[in-house]
Structure formats: structure tokens, C-alpha cells
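Below: the structure, in C-alpha cells.
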Amino acid sequence: MKKLVAFISILMVATACFARQISVQVVQHNDAWNSVSEHSLVVEDELMNGFFDYGYIVTNSETTLSASEEDDENLLNSGFAEAYDGYSDVFVQVKLYFKKLGGNSGKGGMDPSSLDYAELVIMDVKTGEKIQVIEVKGSTKKPGTDENVKTVSKSIITAIKKAL
């Protein structure tokens with residue numbers, strides 16, 4: 001009888017320990033910079049910590065730059081392949097768009113401290129299908145600060161969780 005109770009207990013604990021694995025790729029989308037900004041790395045860190053806190057197993061691809069839709073697609077394919085090889089359940093590409101200096105004219109390039117919006121591509125790794133594409137607006141609270149970027153990151157996490 002003791003062995004049966006122990007077996008059932010272990011089985012219940014083992015099923016409760018199952019967690020979904022999510023793979024995240026952050027893409028800083030612009031053609032004005034030649035390196036990844038600190039704010040893009042803050043977004044990546046917030047996403048990794050946020051999903052871990054929600055009980056996901058989290059992996060990531062290196063945060064990188066993109067200057068075109070073609071770059072985005074190539075990065076999506078390589079990130080998806082990494083997620084597939086790593087046995088992830090969900091792959092998310094997070095493209096970050098920053099505000100232009102000098103208004104809409106864009107004179108002077110991009111402002112690395114003002115996250116304008118993020119576009120999320122959420123994919124099911126097992127089927128290879130896109131679950132959803134979502135746009136998350138930037139926050140107007142304390143622009144140019146880590147706190148601002150963390151607020152946007154929380155909005156990104158909420159949007160992804162709703163899609164899943």
C-alpha cells in the first residue's frame with residue numbers, strides 16, 4: 001500500500017512540474033545604429049525574468065539588429081530553428097522600434113532611449129504556424145528611462161500570455 005501511495009504521489013508531483021518552454025528573440029529594428037542599445041537588452045532581460053516568474057522555461061537567441069523586413073524574416077527563421085532544435089513549445093520574435101530624432105522627418109537617426117512600439121510574432125514551434133502578430137505601443141511615462149522600457153516589457157509579456 002505504501003508503494004502505491006508513493007507512486008501516485010510522485011506521479012502527481014511530476015505532472016505538476018511540467019512547464020512550457022518559450023524561446024525569445026529580441027530584434028532592434030532600425031538602420032541608424034551599428035550596435036544593440038542598452039534599452040533593447042533591458043527588454044530582453046525583463047522578458048526572460050518575467051516569463052520565468054510565470055513558470056515558463058525560457059531560452060533566448062542573441063539580441064540583434066535588423067535594417068529591413070528581409071533581415072527580420074531571416075532572423076525569424078534562424079530563431080525559429082534554434083527554438084525547434086531546443087525543443088521549445090513557443091517562439092516569440094520581439095521587434096523593437098524606436099522613435100526618430102527630429103520628429104517624423106527622422107533627421108538625426110533614431111533615439112535609443114525612446115521605445116516607440118514593439119511588434120510581436122508568436123509561433124507554435126511544433127506546427128510552425130504563427131499564432132498571432134501583435135503590436136504593443138510604447139509607454140509615454142518617463143520616456144528615455146529604464147522604467148519606461150520595463151513598463152513596455154510588462155505590456156509585451158501580458159500580450160504574449162493572452163495569445164497563449
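Side chains included, hydrogens not; waters and symmetry mates left out as well; all remaining heavy atoms used. Starting from 1, each residue takes its place in the sequence as its number.
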Side-chain (Ser88) to main-chain (Val90) donor-acceptor, under 3.5 angstrom:
no

After noting the C-alpha distance and the side-chain angles of Gln28 and Ser37, does the key distance pass the side-chain hydrogen bond (donor to acceptor under 3.5 Å, both in side chains) rule?
CA-CA 8 Å; Gln28 183 176 295; Ser37 78; 3.2 Å; yes

For Thr63, the side chain to side chain contact (heavy atoms under 4.5 Å, CB included) test, sequence neighbours excluded, returns Val26, Val36, Ser40, Leu41, Glu44

What side-chain donor-acceptor pairs closer than 3.5 Å can you find for residues 71-78, not counting sequence neighbours?
residue : atom : partner : partner atom : Å
Asp71   : OD2  : Ala67   : N            : 3.1
Asp72   : OD1  : Ser66   : OG           : 2.5
Asp72   : OD2  : His29   : NE2          : 2.9
Asn74   : ND2  : Glu70   : O            : 3.4
Asn77   : ND2  : Glu73   : O            : 3.3
Ser78   : OG   : Asn74   : O            : 3.4
Ser78   : OG   : Leu75   : O            : 3.1

Please tell me whether [X] and [Y] are part of a single hydrophobic cluster in this structure, the criterion being side-chain heavy atoms less than 4.5 Å apart.
| X | Y | answer |
| --- | --- | --- |
| Leu47 | Val152 | yes |
| Val43 | Val133 | no |
| Val92 | Val27 | no |
| Ile122 | Phe80 | no |
| Leu120 | Val125 | no |

Heavy atoms from other residues, nucleotides or ligands near CD of Glu62 exceed 12 (cutoff 6.0 Å):
no

Side-chain polar contacts of residues 153-164 - donor-acceptor pairs under 3.5 angstrom, sequence neighbours left out - could you list them?
residue : atom : partner : partner atom : Å
Ser153  : OG   : Val149  : O            : 2.9
Ser155  : OG   : Thr151  : O            : 3.3
Thr158  : OG1  : Lys154  : O            : 3.0

With rounding to the nearest 0.5 Å, note down the distance linking NE2 in His39 to CD in Glu46.
12.5 Å

To the nearest 0.5 Å, what is the distance between CD on Gln93 and NZ on Lys130?
8.5 Å

For Gln21 against Gly86, the heavy-atom pair lying closest together:
NE2-O, 3.1 Å

Suppose we screen for ring-ring contact (aromatic ring centres under 6.0 Å, His included). Which residues come up paired with Phe51, at least two apart in sequence or across chains?
Tyr56

Please list, chain by chain and in numerical order, all residues satisfying ring-ring contact (aromatic ring centres under 6.0 Å, His included) with Tyr87, sequence neighbours excluded.
none

Among Val58, Ile22, Thr59, find the residue that satisfies the side chain to side chain contact (heavy atoms under 4.5 Å, CB included) test when tested with Met48.
Val58

Any side chain to side chain donor-acceptor pair (under 3.5 Å) involving residues 117-126? Give me the pairs, sequence neighbours left out, ordered by first then second residue.
Asp89-Lys126, Lys95-Glu119

